[in-house]
2 protein chains.
Amino acid sequence: MYAQASAKIELSSYVARQSPALVFDGATAQPVSFFPAGAEIYAQGEKAGVLYQVEFGAVRIYRLLADGRRQISAFHLAGETFGFEADTTHHFFAEAINATGVRVFRTPSGMDMSRQILPLALRGLTRAQEHLLVLGRQNAIERVAAFLVEMSERQGGLQQVELAMSRNDIGDYLGLTIETVSRVFTRLKEKGVIRLLSLRSIEILKRDTLLAMGE
Amino acid sequence: MYAQASAKIELSSYVARQSPALVFDGATAQPVSFFPAGAEIYAQGEKAGVLYQVEFGAVRIYRLLADGRRQISAFHLAGETFGFEADTTHHFFAEAINATGVRVFRTPSGMDMSRQILPLALRGLTRAQEHLLVLGRQNAIERVAAFLVEMSERQGGLQQVELAMSRNDIGDYLGLTIETVSRVFTRLKEKGVIRLLSLRSIEILKRDTLLAMGE
DNA sequence: CGATCAGTTGACCCAAATCAAGCTCCGTGG
DNA sequence: CCACGGAGCTTGATTTGGGTCAACTGATCG
């Protein structure tokens, strides 16, 4: 696990949205660690314990099958906390998507952090369960629509949405191939539902249509 | 929400496995409520608050799309606790699959149950995230294999597995149609991986094969 | 014993995967 | 400043796994 600052870190678009004052009572905060794009933050099977809070950038949480198929179970954006587990082992991988700053919290052994962690765990649980509906019962357009709505809402409901992740990541989050994701984006553009300002920057033109698609 | 004892309750196969001594400290336990097959325990949008512990029977947690598509996000068997939410509202439906007994725990307002609930929430989160991999990246055989392994392990790893739920429920849990579930069961029978003792009772003949399939 | 509901099986179809080119956007170095 | 190279993305042709539709079978229960 390495945490080196990459030569050049693009901050402009990754500034922590609401510099989150959430500092865990009793937990000792380490200085921010930097991870360059693609760097592993922790791996499945590693010992768990510390908590991570995204300062800027974005993180993907995922699992792999033996043959390399990947499922991203969650993205964590600026302000969000991750790294807690049911036992002392990590069950997933965590990687920086872009140049990412992460604040590490060590919880003194014997200290009970339940009160602080429970709401995070519950929100994660609800999100995961809602995502199950998307993966289990929605088609490609519905999945992408749900994804764009989710990203928009997590960025304050603005019509301009910044995607920190590649089409590949989106595919592995939505259970689709990169080609299908690309085709759906094209379809949504043709329908005038969205507009691409750049590859990773999307403007939502017809929010209602998108919402209706994501059901 | 009704909780009437059905005329005749089949207990024999639904006796609580390990009569779970888990009684929440400080929470006041109500007597066991009975729900006949198909009865609603709570609905999406209802006010949340109390916790439920399955005494016998089984419960399905699910969500619906506008057109009726259903995704079951979890099954809860004897001994398991459910009903906690991120806020004061239920985001899912909970229904008794069969005649089911549920112990209700009211938590006195002002009382902090974080310590007791967190491990439950974390295990639920891990399970949900693992299920995301199944729904996002596995094919029909792999899904059914993973399901049978999961059910077996949750019943103590015995080779004989009792399925509390219908093929329809299994389909809505695995993101498959009832026909596909049925066809996969047939294929697994033909391959000699499982044997049906009855429709809802399955014997695992080749555990290793099943494990390898579920990856 | 029918009646009914759950499950199985078969024929056909379609949405998304796969396979295969291209294209676009950048970063790098001449 | 432009040529080059490569990764990321798009588009098209084809295939296929699982969905849909439909008929049948088998269990369960008045």
Side-chain angles (χ1 to χ4, degrees), chain A residues 6-10 12-13 36-38 60 65 67-71 97-99 134-145 147 163-190 194-202 213, chain B residues 6-8 10 12-13 36-38 65 67-71 97-99 134-145 147 163-190 194-202 213:
Chain A
S6 67
K8 177 192 164 199
I9 290 173
E10 181 55 78
S12 56
S13 55
R60 58 180 167 246
L65 288 173
D67 60 4
R69 281 174 289 174
R70 182 179 70 157
Q71 178 63 42
I97 295 175
N98 302 115
V134 174
L135 295 190
R137 288 297 177 210
Q138 296 200 290
N139 64 30
I141 314 175
E142 293 170 333
R143 292 185 199 204
V144 172
F147 169 72
L163 301 181
M165 66 296 288
S166 68
R167 301 287 186 271
N168 208 335
D169 285 339
I170 298 174
D172 284 351
Y173 180 63
L174 297 178
L176 299 171
T177 60
I178 176 174
E179 293 97 327
T180 298
V181 172
S182 183
R183 279 185 251 267
V184 171
F185 270 82
T186 303
R187 281 230 266 158
L188 291 175
K189 276 190 290 181
E190 287 168 356
I194 61 169
R195 193 163 70 92
L196 293 207
L197 307 174
S198 76
L199 274 179
R200 303 277 181 98
S201 181
I202 285 171
M213 283 174 166
Chain B
S6 68
K8 177 194 163 196
E10 181 55 77
S12 56
S13 55
L65 288 173
D67 61 3
R69 281 175 288 174
R70 182 179 71 156
Q71 178 63 43
I97 295 175
N98 303 115
V134 174
L135 295 190
R137 288 297 177 209
Q138 296 199 291
N139 64 30
I141 314 175
E142 292 169 332
R143 293 185 199 204
V144 173
F147 170 73
L163 302 180
M165 66 295 288
S166 68
R167 300 287 187 270
N168 208 334
D169 284 340
I170 298 174
D172 283 352
Y173 179 63
L174 296 178
L176 301 171
T177 60
I178 175 175
E179 293 97 328
T180 299
V181 172
S182 184
R183 278 186 253 267
V184 172
F185 269 82
T186 303
R187 283 229 266 158
L188 291 174
K189 275 190 289 182
E190 286 169 356
I194 61 169
R195 194 162 70 93
L196 293 207
L197 306 174
S198 77
L199 274 178
R200 303 277 182 96
S201 180
I202 285 171
M213 283 172 167

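What's counted below: heavy atoms across the whole structure, side chains too, no hydrogens, waters or symmetry copies. Owing to the predicted nature of the structure, the values given are computational and were not obtained by experimental measurement.
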*At under 4.0 Å between heavy atoms, what does B:Thr186 touch on the DNA or RNA strands: base, sugar-phosphate, or nothing?*
sugar-phosphate
*Look at all strands and tell whether A:Ser166 reaches a base, only sugar-phosphate, or nothing, counting heavy atoms closer than 4.0 Å.*
sugar-phosphate
*Would you mind telling me which residue lines up with the more 5' stretch of DNA chain D, A:Arg137 or A:Leu199, judged by nearest nucleotide?*
A:Leu199
Roughly, in whole Å, what's the span from [atom1] in [X] to [atom2] in [N]?
X: A:Gln138; N: D:dG19; atom1: CD; atom2: C1'; result: 17 Å
X: B:Asn98; N: C:dA6; atom1: CG; atom2: C1'; result: 14 Å
X: B:Phe185; N: D:dG26; atom1: CZ; atom2: P; result: 19 Å
X: B:Asp169; N: C:dC5; atom1: CG; atom2: C1'; result: 14 Å
X: A:Asn168; N: D:dT10; atom1: CG; atom2: C1'; result: 14 Å
X: B:Asn139; N: C:dA16; atom1: CG; atom2: C1'; result: 14 Å
X: A:Arg167; N: C:dC23; atom1: CZ; atom2: C1'; result: 14 Å
X: A:Arg200; N: D:dT10; atom1: CZ; atom2: C1'; result: 15 Å

Under 4.5 Å between any side-chain heavy atoms of [X] and [Y], yes or no?
X: B:Ile194; Y: B:Lys189; answer: yes
X: B:Thr186; Y: B:Arg183; answer: no
X: A:Arg187; Y: A:Val144; answer: no
X: A:Leu135; Y: A:Gln71; answer: yes

With [X] via side chain to side chain donor-acceptor pair (under 3.5 Å) - residues at least two apart:
X: B:Thr180; result: B:Thr177
X: A:Arg70; result: A:Asp169, A:Asp172
X: A:Gln138; result: none

*Could you give the angle between the helix axes at the two ends of the helix from C:dC1-D:dG30 to C:dG30-D:dC1, with five pairs per end, rounded to 10 degrees?*
30°
*Using ring pair (Phe, Tyr, Trp, His ring centres under 6.0 Å) as the criterion, list what pairs up with A:Tyr173, not counting sequence neighbours.*
A:Phe75, A:His131, A:Phe147
*DNA chain C contacts made by residues 172-181 of chain A, counting heavy atoms under 4.0 Å*: A:Gly175, A:Leu176, A:Thr177, A:Glu179, A:Thr180
*To the nearest 0.5 angstrom, please state how far the CD1 atom of B:Ile170 sits from the CZ atom of B:Phe185.*
4.5 Å
*Closer than 4.0 Å, any side-chain N/O of B:Arg183 to the OP1 or OP2 of D:dG19?*
no
